[in-house]
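Here is the structure we will look at, set down as structure tokens.
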Amino acid sequence: MSFPVFERPLFQVGGHYVTFLGLIAFVGLFAAGLIIARMLQSHFVRRFFSRFKIETNFVAIVTSILSLAALVFFTISAINAAGIPLAWNAPLPAVSLSLVQIFLLIALLIAVFWISSRTKRFLFNRFLVNSGLDRALQYAIAQIIANVVLVVGVLIVLENTGIHLGALAVFAGAVGVGVGFGLQNIASNFISGLVILAERPITIGDRVEVAGIAGQVEHIRARSTVIRTNDNIMMIVPNTKFIDSPVTNWTYGDRRVRFRIAVGVAYGSDVNKVRDALLAVAHENPHTLKEPAPSVFLKQFGDSSIDFQLMVWSSEMSARPSRYRSDLNFAIAEKFREAGIEFPFPQRDVHIRDGVLKVENVEAEHKAARSQA
């Protein structure tokens, strides 16, 4: 059974007639592409990929690429169904690749990124675990090898899909001058990341301070380093900051750190008693090291106080220096209260060179007036 009305041409596109049935087929296939692209970005598909122990960011990239590929596939199929032939194997205009080759290129690039990620995970979590190397060095080795696998894999894929590196060199020479200024920071951060991994001025787990940011190093990536602050905030720091800026590494080489606690007492206090109280506070804190032993220095005789400085060492509290200092200050205040040691307050002596200054006890007069009332 035929329906001449549905088979009658409606309009012409590029020398090809589009019928009503072709238009219906175009709409149906295009809608199917939208639905499938939407389904590929659903939580169900992401949970399915996560079962293969793929990183969350990589899963998001894969699902986005697959949804885009599905949309392109159904769009091309819809155009063909509408009566406008678009060959899959024919090179696209101004491009030497066909649609099939482009899809193959995308699939191979996704595979290369996945292999690079799995290589890093395998080396760090399994192969190098029992090597006897430091964990930070194991991470550096795994990261460098994963980067090499990624670069070599991308080059091999480009060569085998017909994109020759010579053409890329010509393209890079044509636009490199303009793009180079925009990419110089990215290249600088990437090279700085390689220097950090090779030289290891910072490693995973170190407590660092750089560019006004203090925290623990969580990840060292190709372009940036992730630092977790004490407020549990992830700070993304460009790798160049660790190369051209002063960096304070609290745990570099030796995790023992000396803390200085400044304390002032009132004049008239027994300095030996103050020293014993400060040493007692240091020894009573469970995070204070016994060796090197705590020590107390009498710094100076200030305007209103005798200034002491308590020196203590700790290997655990370098990650929480503010907490450690606060605990010691609380303990010092309690110990001084028990020992009867007074904290100072500003005092000034007033000298009257000429005349007589009359001093009245205003508080006593107010009390007398209230008692009479």
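Model, not experiment: these values are computed from the prediction.
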Would you give the length of the straight line joining atom CZ of Arg258 to atom OG of Ser314, rounded to the nearest 0.5 angstrom?
-> 14.0 Å
Within the 6.0 Å centroid threshold, strictly below: Tyr324 and Phe259 | yes
When rounded to the nearest 0.5 angstrom, what distance separates CG in Leu278 from CD1 in Ile341?
-> 7.5 Å
Taking side chain as C-beta onward, heavy atoms only, is Thr248 less than 4.5 Å from Val210?
-> no
Do Phe124 and Ile141 come close enough that some side-chain heavy atom pair is under 4.5 Å?
-> no
Counting N and O atoms only, with roles assigned by atom type, does the side chain of Ser269 sit under 3.5 Å from a partner on the main chain of Ala266, one being a donor and the other an acceptor?
-> yes
Step by step, would you call Leu71 with Leu34 a side chain to side chain contact (heavy atoms under 4.5 Å, CB included)?
-> CA-CA 6 Å; Leu71 184 60; Leu34 291 176; 3.5 Å; yes
Does any N or O in the side chain of Asn239 come within less than 3.5 Å of the main-chain N or O of Ser192, such that one atom is a donor and the other an acceptor?
-> no
Under a single-linkage definition using a 4.5 Å side-chain heavy-atom cutoff for Ile, Leu, Val, Met, Phe, Trp and Tyr, are Leu150 and Ile115 assigned to the same hydrophobic cluster?
-> yes
Assess whether atom CD of Glu334 is packed by more than 12 heavy atoms of other residues, nucleotides or ligands within 6.0 Å.
-> yes
Point-to-point distance, once rounded to the nearest 0.5 Å, from CD of Glu284 to CG of Asp327 | 13.0 Å
So, the side chain of Gln138 versus the backbone of Leu128: is there a donor-acceptor pair under 3.5 Å, distance only?
-> yes
Do you see a donor-acceptor pair shorter than 3.5 Å between the side chains of Asn189 and Arg221?
-> no
In terms of side-chain heavy atoms, does Asp231 have a donor or acceptor partner in Thr229 at a distance below 3.5 Å?
-> no
Set of residues satisfying side-chain contact (heavy atoms from CB on, under 4.5 Å) with respect to Phe330, sequence neighbours excluded | Ser326
Answer yes or no: is there a side-chain heavy-atom contact under 4.5 Å between Leu310 and Val312?
-> yes
Above 12 or not: heavy atoms from other molecules or residues under 6.0 Å from CE of Met234?
-> yes
Do side-chain atoms of Lys290 reach the backbone of His283 as a donor and acceptor pair under 3.5 angstrom?
-> yes
For Ser117 and Phe113, indicate whether the former's side chain and the latter's backbone hold a donor-acceptor pair under 3.5 Å.
-> no
Exam field: side chain Tyr267 to backbone Gly302, donor-acceptor pair closer than 3.5 Å | yes
Find out whether Phe297 and Phe308 are in side-chain contact, i.e. whether some heavy atom of one side chain is under 4.5 Å from a heavy atom of the other.
-> no
Donor-acceptor pair, side chain of Asn249 and main chain of Pro201, under 3.5 angstrom | yes
Would you say the side-chain atoms of Ser67 pair up with the backbone N or O of Gln41, donor to acceptor, closer than 3.5 Å?
-> no
Test side-chain contact (heavy atoms from CB on, under 4.5 Å) applied to Val129 - qualifying residues, sequence neighbours left out | Arg135
Can you find a side-chain donor-acceptor pair between Trp313 and Glu291 that sits under 3.5 Å?
-> no
Backbone of Ile202 reached by a side-chain donor or acceptor of Asp206 within 3.5 Å | no
Less than 4.5 Å apart, any side-chain heavy atom of Phe336 and any of Val265?
-> yes
Cut-off 3.5 Å, side chains only: do Arg325 and Asn329 have a donor facing an acceptor?
-> no
Does any N or O in the side chain of Thr288 come within less than 3.5 Å of the main-chain N or O of Ala282, such that one atom is a donor and the other an acceptor?
-> yes
